[in-house]
2 protein chains.
Amino acid sequence: MTEKSAVEEAVPIGEAAKRSGVKVPTIRYYEQIGLLAAPARTEGNRRLYTRTDLRRLAFVRHARELGFDVEAIRTLLSLQDHPDRSCASADAIAQARLAEVRVRIAKLKALEAELTRMVEECACGRVAECRVIEILAEPHRHGTLA
Amino acid sequence: MTEKSAVEEAVPIGEAAKRSGVKVPTIRYYEQIGLLAAPARTEGNRRLYTRTDLRRLAFVRHARELGFDVEAIRTLLSLQDHPDRSCASADAIAQARLAEVRVRIAKLKALEAELTRMVEECACGRVAECRVIEILAEPHRHGTLA
DNA sequence: CCTTGCTCCTCTAGTCGCTAGAGGATGTAG
DNA sequence: CTACATCCTCTAGCGACTAGAGGAGCAAGG
């Protein structure tokens with residue numbers, strides 16, 4: 001340690017990755033696509049992340065975990081920068097995402113049911129009488145599933 | 001109609017797309033990656049799909065709807081061609097997929113809960129007191145979700 | 001016969017959100 | 001001073017398509 005406890009504002013990208021749980025190349029990628037602003041650099045051209053940068057990074061990570069796409073996160077970040085504005089659009093984005101998630105869950109449950117039927121009925125003999133293959137081969141009306 | 005009802009074996013790619021519910025470029029793509037064998041062609045170099053081809057196409061579509069990846073479908077198709085073999089690997093593939101689906105469902109339910117909390121608590125005032133933004137900004141232990 | 005307009009052909013490049021690797025510079029500890 | 005870790009930029013790849021350019025074939029109407 002040279003002189004930590006006192007000031008020690010900014011950390012290099014590896015530390016930022018560790019603290020945020022976002023991988024190093026991913027952080028650089030976010031910067032490249034303009035999702036995160038380019039941080040300050042050292043003399044030696046290395047990125048230095050301040051506490052503020054780290055907070056944004058954590059925000060992005062959390063939002064990605066919730067499945068928001070990059071465009072949505074861009075909007076959410078810019079909303080965060082304007083606390084006086086109405087949060088109606090943030091709400092709309094979250095609601096839209098919630099609707100998507102519910103649709104996905106419903107579809108996956110239908111899949112689960114069909115897959116369960118497949119594996120339960122498979123007596124694991126020859127392919128000729130295999131329910132898995134049979135069900136897949138069945139004539140199938142379009143768009144029932146997925 | 002020139003002479004339909006009698007023989008009328010093969011259809012062009014557009015018809016195949018309509019009947020299978022797989023889009024034209026996707027059918028060509030499946031051929032390109034070797035998931036489907038190249039069908040016969042007319043003198044004028046157009047693809048002609050027989051009933052057998054259409055059956056395979058429907059099989060692939062159904063499998064994709066169930067979320068099997070192309071590699072899994074390759075295996076399932078080759079199993080279908082050997083009805084005398086054991087169907088254990090078909091069963092294994094389906095079981096693996098079922099496990100994946102269950103994991104996805106569990107994760108999505110966690111997401112749903114968190115998103116629901118967000119939108120329910122959002123009083124839709126200013127961003128400053130918006131729960132959606134607030135929750136995203138919260139310090140967050142890694143890997144709880146997703 | 002000829003044009004119109006549809007389907008078809010091949011080929012390349014783009015999508016999304018990363019991830020991997022090459023090839024090199026910089027920083028730090030022993 | 002020499003390892004070695006970490007950092008830099010840049011390009012290419014992943015899966016499963018999708019979009020578009022640029023052209024050929026074909027059936028039907030005038």
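Chain letters run A, B, ... following the sequence lines, proteins first, then strands; residues in each count from 1. Worth knowing before you read on, the calculation uses all heavy atoms, side chains too, and leaves out hydrogens, waters and symmetry mates.
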Is the phosphate of C:dT10, meaning OP1 or OP2, less than 4.0 Å from a side-chain N or O of B:R41? yes

Under the 3.5 Å rule, do the base of D:dT9 and the side chain of A:R28 count as making a donor-acceptor pair? no

For B:Q32 and D:dC17, what is the distance between atoms CD and P respectively, to the nearest whole Å? 12 Å

Could you check how far CD1 of B:I33 sits from P of D:dA16, rounded to whole Å? 8 Å

Which heavy-atom pair separates A:L48 from A:A10 by the least distance, and what is that distance? CB-CB, 3.7 Å

Rounded off to whole Å, could you give me the CG-to-C1' distance for the A:N45 and D:dC10 pair? 14 Å

Phosphate OP1/OP2 of D:dG25: any B:T42 side-chain N/O under 4.0 Å: no

Spacing between B:E31 atom CD and D:dA16 atom P, to the nearest angstrom: 18 Å

Nearest heavy-atom neighbours spanning B:E31 and B:P39: OE1-CD, 3.4 Å

The side chain of A:I13 is closest to which nucleotide in this list: D:dA16, C:dC18, D:dC7? D:dC7

Could you tell me how far apart B:E43 (CD) and D:dC26 (P) are, to the nearest whole angstrom? 8 Å

B:R46 vs B:D69, nearer the 5' end of DNA chain D by closest nucleotide: B:D69

With a cut-off of less than 4.0 Å, is there a side-chain N or O of B:T26 near OP1 or OP2 of D:dA16? no

Below 4.0 angstrom, N of the basic side chain to O of the carboxylate: do B:R19 and B:D53 qualify? no

Strictly below 4.0 Å, N to O, side chains only: are B:R61 and B:E65 in salt-bridge contact? yes

What is the separation between atom CD1 on B:I27 and atom C1' on C:dC9, rounded to the nearest whole Å? 14 Å

Check the phosphate of D:dG15 against B:Y29, side-chain N and O only, distance under 4.0 Å to OP1 or OP2. Yes or no? no

Report which part of the nucleic acid B:R47 touches: base, sugar-phosphate, or nothing (heavy-atom distance under 4.0 Å, all strands). sugar-phosphate

Please compare B:G14 and A:E71 by the position of their nearest nucleotide in DNA chain C and report the one closer to 5'. B:G14

Does OP1 or OP2 of C:dG17 have a side-chain N or O of A:Y30 closer than 4.0 Å? no

May I ask you to say what A:F68 touches in the nucleic acid, namely base, sugar-phosphate or nothing, with a heavy-atom cut-off under 4.0 Å? nothing

Closest heavy-atom pair, A:L108 versus B:V101, reported as atoms and distance to 0.1 Å, is O-CG1, 3.5 Å

OP1 or OP2 of D:dT18 under 4.0 Å from side-chain N/O of B:K23: yes

Can you measure A:R74 atom CZ to C:dG17 atom P for me and round it to whole angstrom units? 10 Å

